[in-house]
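Throughout, a chain's letter reflects where its sequence line sits, starting with A, and its residues are numbered from 1.
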Amino acid sequence: MNTITAYKCKQCGLVMYPHHFRCLKCHAREFEEITPSEKGKLLTYTIVEQLPWGIDERGRVLGVVEFDNGVKALGVLHVENPKMGMKLKAGWDCVRVIGGEEVYGLTFQAA
Amino acid sequence: MRPVVVAGAGMIPFERRDEDTLVDMMAVASLKAMDDAGLGDRAVDAVYVGNMASGLFNHQVSVASALVDRLSLMPAAADRIENGPASGGSAMKNGFLAVASGYADVVLVVGGEKMREVIGPKATDIVAAMTHPQAEYIYGVTLPALAGLFTRLYMEKYGVTREHLTMVAIKNQENGLLNPYAHIRMKITMEGVLKHPQAHINSPVVADPLHLYDCCPVSDGSAAVLLTTEEIAKDLKKPIVTIDGVGQATDTHTVHERSDPTELKAVIESSKKAFSMANAKPKDVDVAELHDAFTVLEIAESEQAGFFPLGEGAKALERGDTRIGGKLPINPSGGLKARGHPVGATGVAQIVELTWQLRGEAGERQVKKAKTGFSLNFGGFGNNVLAFVMRRKS
Ligand SMILES: [Zn+2]
């Protein structure tokens, strides 16, 4: 499955997403590319009623998820009643059309 | 470093200003600051313009060069400073450094933004362009959305309620009624925006748990100050007000990468630096202008800048400590919530308000015997923050 690429510091083990040229913790520059695990838990969420120009939608649920392997990322939640701490399963789908091009990103469903 | 005096302060009312161009607005605010200083025709050595996105909002760039021409300030040095919603604060810092270092004797700092030239969703998109392009922007993240993610965590961790958030909005809109420069001049009540069966219509959800009245308006406006040395200022008529501390600090670009996203490290660090430079403590502050782009931020900043212990900001609000007449009035101007938030103008408007407060020129919203002031200008979602400590000297 397509997904994001996260980065694990080869020196201290810190997991980062998105990319940094130097580790946030130890400033080392070598990273192992890793992918998030299949599932994670919801750290926080918001329901956005006023979306920016180009997203013709209301009530988009955005959440921050911590995957089981420590990767943290934001994504679009396809969940009726989001609850803090709930288990989620990751997907990959079109999240926005920018300049006529479909842009893919992380989506989540209840696990 | 030389002491830096705010010799002149001026601004134009923040509102929707269809008739004025960005440069017109900045020119009028500049003239007010220059006239207020009373330096006559004395040359301005350098101009720093705080502006976030004139290229996107108004299809005009190099606005600092355009401004010196409109004001006939040539051959003054002129730069536009961009630091998102803290562009005004960054312009203030640069102006401060120019005078403090001896590089310039008279400096004009102007903040301005004209956001209402584009429709609302377009303005939302332009502001959202400051988020991380791959990890945030593509998902439709807006600044209110980042604030929504933050607010839910803050409420859960510290027991902040929607009543507390609404208390910030009510207080700041009450203060805004006393400020002729404020964009929003309307009294609101807990009943009307939170409790009434129609409250969800009066104050609809923007980014749950944040509602309309938790968010600052989208405004056009400009504010300006004239900075100079003590030597030049001693002959002027106005009371001497100085900028004694300037702090700036940064944090991760994305909010999700912060180990504790409720901790605003750039607020904590920038405030510490400003207090340390000024040799002051939070308890010395008589009046504060905080960056309440969202109601929760006034509470969080009042704690993390050092005025109240963590989790006590909401209690201070309940007690009325932060009202005009309370122990530490916060946002007597109405803050971003009521004065409005033309992004690049805000950091300068905060210094204008503190200058008026410290001089005793703030009219109906005057904080009595204010001698020390503090301001906080919050860029990004807390990834680049500036703090200032000011004092009245005479
Ligand atoms: Zn490392």
Validate the cation-pi geometry between A:R60 and B:Y139: distance from NZ or CZ to the six-membered ring centre under 6.0 Å, angle to the ring axis within 45°. no
Going by heavy atoms in the side chains, are A:P18 and B:Q134 under 4.5 Å from each other? no
Surrounding NZ of A:K39 (heavy atoms of other residues, nucleotides or ligands, distance under 6.0 Å), is the total greater than 12? no
Name the region of B:A128, side chain, backbone, both or neither, that has any atom closer than 4.5 Å to a heavy atom of chain A. neither
Is it the case that the side chain of A:R96 and the backbone of B:I138 share a donor-acceptor pair, with hydrogens and angles ignored and the cut-off at 3.5 Å? no
Chain B contact via A:I98 - side chain, backbone, both or neither, heavy atoms under 4.5 Å: side chain
Answer yes or no: is there a side-chain heavy-atom contact under 4.5 Å between B:I119 and A:W53? yes
By a 4.5 Å heavy-atom criterion (distance strictly below it), what part of B:V255 contacts chain A: side chain, backbone, both, or neither? neither
Just wondering, more than 12 heavy atoms not from A:K41 lying within 6.0 Å of its NZ? no
Comparing B:P204, B:A135, B:G148 against chain A, the one with the most heavy-atom pairs below 4.5 Å turns out to be B:A135
How far does CZ of B:R152 sit from CE of A:M84, to the nearest 0.5 angstrom? 6.5 Å
If I measure from the heavy atoms of chain B, does A:M16 come under 4.5 Å with its side chain, its backbone, both, or neither? both
Please classify the contact between A:V48 and chain B as side chain, backbone, both or neither, with a heavy-atom cut-off of under 4.5 Å. both
Of the listed residues (B:V141, B:T252, B:L210), which shares the most heavy-atom pairs with chain A below a 4.5 Å separation? B:V141
Partner chain B: residue of A:V15, A:V65, A:L106, A:L24 with the largest heavy-atom pair count (under 4.5 Å): A:L106
Rounded distance (nearest 0.5 Å) linking atom CG of A:L74 with atom CG of B:L146: 7.5 Å
Output the distance between atom NE2 (B:H132) and atom NE2 (A:H19), rounded to the nearest 0.5 Å. 10.0 Å
Okay, A:Y104 and chain B: the region with an atom under 4.5 Å from a heavy atom over there is backbone
Among the listed options A:G54, A:G59, A:A73, A:G63, the residue most often paired with chain B at heavy-atom distances under 4.5 Å: A:A73
Which portion of A:H20 sits near chain B, non-hydrogen atoms under 4.5 angstrom: side chain
Does atom CD (B:E312) have a neighbourhood of more than 12 heavy atoms from anything else shown, all under 6.0 Å? yes
Between the main-chain N or O of B:A207 and the side-chain N or O of A:Q50, is there a donor-acceptor pair closer than 3.5 Å? no
Would you say that more than 12 heavy atoms from the other residues, nucleotides or ligands in this model lie under 6.0 Å from the CG of B:D18, or not? yes
I'd like to know if the side chain of B:H256 reaches the main chain of A:L43, judged simply by a donor and an acceptor atom lying under 3.5 Å from each other, with no hydrogens or angles considered. no
Closest non-hydrogen contact found for A:T44 with B:L149 is OG1-O, 2.8 Å
Taking all atoms of both residues into account, what is the closest heavy-atom pair of B:G140 and A:L51, and its distance? O-CD2, 3.6 Å
